[in-house]
Each structure stands twice: as C-alpha cells, then as structure tokens.
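Reading through the structure tokens given below for one structure.
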Amino acid sequence: MAEVLVYVDHVDGAVRKSTLELLTLARRIGEPVAVALGNGAADTAATLAEHGAVKVLTHEAAEYADYLVVPKVDALQAAVEAVSPAAVLVPSSAEGKEVAARLALRIGSGITTDAVDLEVGDEGPVATQSVFAASFTTKSRVSKGTPVITVKPNSAAVEAAPAAGAVEALAVTFSVQATGTKVTARTPRESTGRPELTEAAIVVSGGRGVNGAENFAIIEALADSLGAAVGASRAAVDAGWYPHTSQIGQTGKSVSPQLYIASGISGAIQHRAGMQTSKTIVAINKDAEAPIFDLVDYGVVGDLFDVVPQLTEEIKTR
Ligand code: FAD
C-alpha cells in the first residue's frame with residue numbers, strides 16, 4: 001500500500017486535533033507516515049500511532065523555532081525524497097498553507113488547498129473543495145508530481161486506529177534559504193481558555209445585532225456554557241467590538257464545527273463562505289426574512305437579548 005506523508009502540527013509534542021483528522025483521511029488513501037519537526041517531535045509518536053501512523057519521522061533542531069517556515073519545507077522535501085509518498089497532507093492553517101505551497105514548488109508538484117474531503121481515484125487521490133463562497137463543491141486531482149494537499153480543520157472525524165508508529169530519525173540538510181528570516185520575538189496571545197476557533201467543535205458567533213463590544217459578554221456566556229469558541233461577523237469586527245482574529249468569513253477564518261450558532265448575523269454571502277460547511281447551523285435573528293434562515297437547521301426568530309441568555313441558563317441546568 002502506498003505511503004502518505006502527514007505533516008504534524010504540534011506544540012512541544014502535543015499534537016493538534018487537525019493533524020489527527022489528517023490521519024483519518026490519510027488512511028483512506030494509503031498508510032500514514034507522520035513527519036514531526038522541532039521541539040518535542042519524538043513525544044508526538046504515541047498519539048500519532050494511536051491514530052494510525054505506521055511510522056513517525058522526527059527531526060529536532062533549533063532552526064524550526066528560530067526561523068520562519070523554510071526549515072520545515074527542507075525537512076518535508078527530505079521526507080518526500082525518502083518515502084516517495086502517494087500524497088503529502090498538511091493542515092490548512094496559515095503556516096501549513098505556506099509550507100505546502102513552498103513544498104509543491106520545490107518538488108515540482110501540483111497543490112490543492114483547503115480540501116474538505118479526500119477519496120481514492122483511479123489516478124491518485126481526489127480532493128473535494130468548497131469554492132466560490134461555498135456555492136459550489138469541486139473535485140480535483142493533482143496531475144503532476146506528488147500531490148500536496150492542505151485539509152481544512154474539522155473535515156474528518158478523529159478516529160482511533162492503533163498502528164506501529166515506529167519512530168525514525170529523518171535526515172535533514174538545511175538549505176541556504178532556511179536561515180533567511182529569523183524570528184525575533186514571539187508574543188503569545190492572552191488565552192481566553194476557549195478552544196481555538198478553527199478547531200472548535202462548537203462556535204457561537206455574534207454580528208451587528210449584538211450592538212456593542214460590552215454585549216459580546218452574552219455571546220461569550222453562551223459559548224462558555226457549551227465549551228465553544230467565539231466568532232464574529234465582519235460588521236462586528238469592523239465596529240471594533242471583537243478582535244479580527246475571531247472574524248469568520250471570506251476575509252476571516254473558515255470554520256466547520258459540529259454546531260454553529262449565529263446571533264444577530266444576517267447571513268451575507270461573505271459570512272457564509274466561512275461557516276456554511278458547519279454540520280448543524282442555528283441562527284437567532286429578529287428578522288424572519290434574514291438570509292441566514294435559508295441555510296439553518298434550526299432558526300429562532302427573536303431578540304437575541306431575550307433568547308441568548310435564556311438558552312445559556314437552560315444549557316447550564318443540564
Ligand atoms: P448585518 O448584515 O447588519 O446583520 C445584522 C443582523 O442582526 C440583521 O439580520 C438583524 O436582523 C439582526 N439583528 C439586529 N438586532 C438584533 C437583535 N436584537 N436580535 C436578533 N437579531 C438582531 N462579512 C463577514 O462576516 N465575514 C467576512 O469575512 C466578510 N468579508 C467580506 C469581504 C468583502 C470583499 C466584502 C465586500 C464584504 C465582506 N463581509 C464579510 C461583509 C458582509 O458583506 C456583511 O456586511 C457582514 O457579514 C454583515 O455582518 P452582520 O451580519 O453582522 O451585519
């Protein structure tokens with residue numbers, strides 16, 4: 001069976017959920033071989049093996065933290081040359097997409113970004129994408145070289161599938177460009193204690209209808225009652241009510257949670273582009289004609305200042 005490289009997104013050995021989702025998809029098209037780089041790379045092996053990695057290639061070096069993405073591209077190129085995989089899967093994070101694009105150029109391959117599904121085709125893996133503000137679903141296949149595919153978080157379930165997970169050191173020689181851009185400072189964002197927006201199973205979002213930064217407290221309270229992340233429409237972000245890092249949509253983040261609750265959001269196409277693939281969509285809006293109701297599974301016509309606190313209280317009692 002062909003091997004499929006999976007680029008591991010981890011923080012000091014703690015594997016992110018998006019990588020475990022990649023392992024589920026990788027198993028559909030071959031045998032997953034994980035590539036873990038940087039501090040704690042070897043510590044990822046047990047988790048990766050539990051989720052189907054037959055092998056874990058590791059390389060720890062200060063360059064991965066000290067410089068921007070090129071050392072990671074060098075390492076992935078070395079892994080591609082060592083394994084000759086059927087495909088390389090990378091999480092669709094901002095960094096993942098940059099690594100993937102640079103890798104595809106290096107190895108002379110085609111790239112597909114933001115895939116939401118993968119299947120085996122007669123001539124190689126076929127990726128499904130949701131395009132044009134999620135108005136169309138396309139299927140595509142890389143026709144040149146080793147396919148490099150980035151996959152959106154929440155596109156597949158995390159599945160336990162115990163495998164060998166044999167750890168092997170990857171031999172990497174850094175290119176001249178690897179040390180071209182040095183990281184001079186890292187400023188961690190203050191933690192809200194909530195899940196990361198693109199990885200959250202539940203997202204609660206507020207829009208212009210929330211009518212003020214201070215009123216986002218009721219959106220946050222609902223989110224906290226559900227263990228959810230908080231998102232915002234561009235109107236709310238542009239008004240300065242919520243940070244841009246929480247914006248969902250065409251010019252913000254794309255989310256695909258199990259449950260998306262939109263409060264005071266009209267459902268403009270640019271907002272839909274970032275949330276339309278959510279599994280279950282709930283909207284609270286006082287205008288029964290709001291376009292968001294065209295795509296919801298459950299809609300509540302009502303004032304969010306009445307509905308959201310009641311919903312929060314009800315959830316807390318369960
Ligand atoms: P509105 O459209 O003003 O809707 C507010 C809604 O709240 C209304 O439906 C109203 O009925 C309801 N409401 C008001 N008060 C209450 C209440 N008390 N209780 C319940 N409901 C209430 N938008 C994004 O979100 N993300 C993007 O990434 C994005 N990118 C864009 C890119 C481009 C190039 C352009 C041109 C636009 C983009 N937009 C984006 C903007 C988008 O077109 C909309 O303007 C925006 O999504 C509207 O945000 P909203 O739904 O919060 O506000």
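Whatever order the structure lists them in is the order used to number ligands and atoms, beginning at 1. Since the structure is predicted, the reported quantities are computational estimates derived from the model, not experimental observations.
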Hey, looking at [atom], which of [options] has the closest heavy atom?
| atom | options | result |
| --- | --- | --- |
| atom 47 (O) of ligand 1 | Gly252, Ala268, Gly302 | Ala268 |
| atom 5 (C) of ligand 1 | Pro291, Gly264, Ala232 | Gly264 |
| atom 9 (O) of ligand 1 | Leu304, Thr251, Asn285, Asp287 | Asn285 |

> Can you name the closest pair of heavy atoms from Glu60 and Gly38 and give their distance?
Replying inline: CG-O, 3.3 Å
> Does any N/O atom on Ala290 come nearer than 3.5 Å to any N/O atom on ligand 1?
Replying inline: no
>> Test of understanding: with ring-ring contact (aromatic ring centres under 6.0 Å, His included), list the residues that count as partners of Phe216, not counting sequence neighbours.
In response: Tyr242
>> If only side-chain N and O atoms count, and only distance matters, is there a donor-acceptor pair under 3.5 Å linking Gln77 with Arg106?
In response: yes
> Are Gln310 and Glu314 linked by a side-chain donor-acceptor pair shorter than 3.5 Å?
Replying inline: no
>> Could you work out, with side chain to side chain donor-acceptor pair (under 3.5 Å) as the rule, every residue matching Asn154, not counting sequence neighbours?
In response: Lys17
>> If the cut-off is 4.0 Å to any non-hydrogen atom of Gln250, which atoms of ligand 1 fall inside it?
In response: 27 (C), 28 (O)
> Relative to the heavy atoms of Gly207, which atoms of ligand 1 are at a distance of less than 4.0 Å?
Replying inline: 52 (O)
> Ile107, Val4: one ILVMFWY side-chain cluster at the under-4.5 Å cut-off?
Replying inline: no
> Should the pair Tyr260 and His271 be assigned to parallel (<30°), tilted (30 to 60°) or perpendicular (>60°) ring geometry?
Replying inline: tilted
>> Applying a heavy-atom cut-off of 4.0 Å, say which part of Ser266 lies close to ligand 1: side chain, backbone, both or neither.
In response: both
> When you look for heavy atoms under 4.0 Å from ligand 1, do you find them on the side chain of Ile248, its backbone, both, or neither?
Replying inline: backbone
>> Just to confirm my output: which protein heavy-atom neighbour is closest to atom 13 (N) of ligand 1, and how far is it?
In response: Gly209 CA, 3.7 Å
> Would a 4.0 Å cut-off, counted as strictly less than, catch a protein heavy atom around atom 2 (O) of ligand 1?
Replying inline: yes
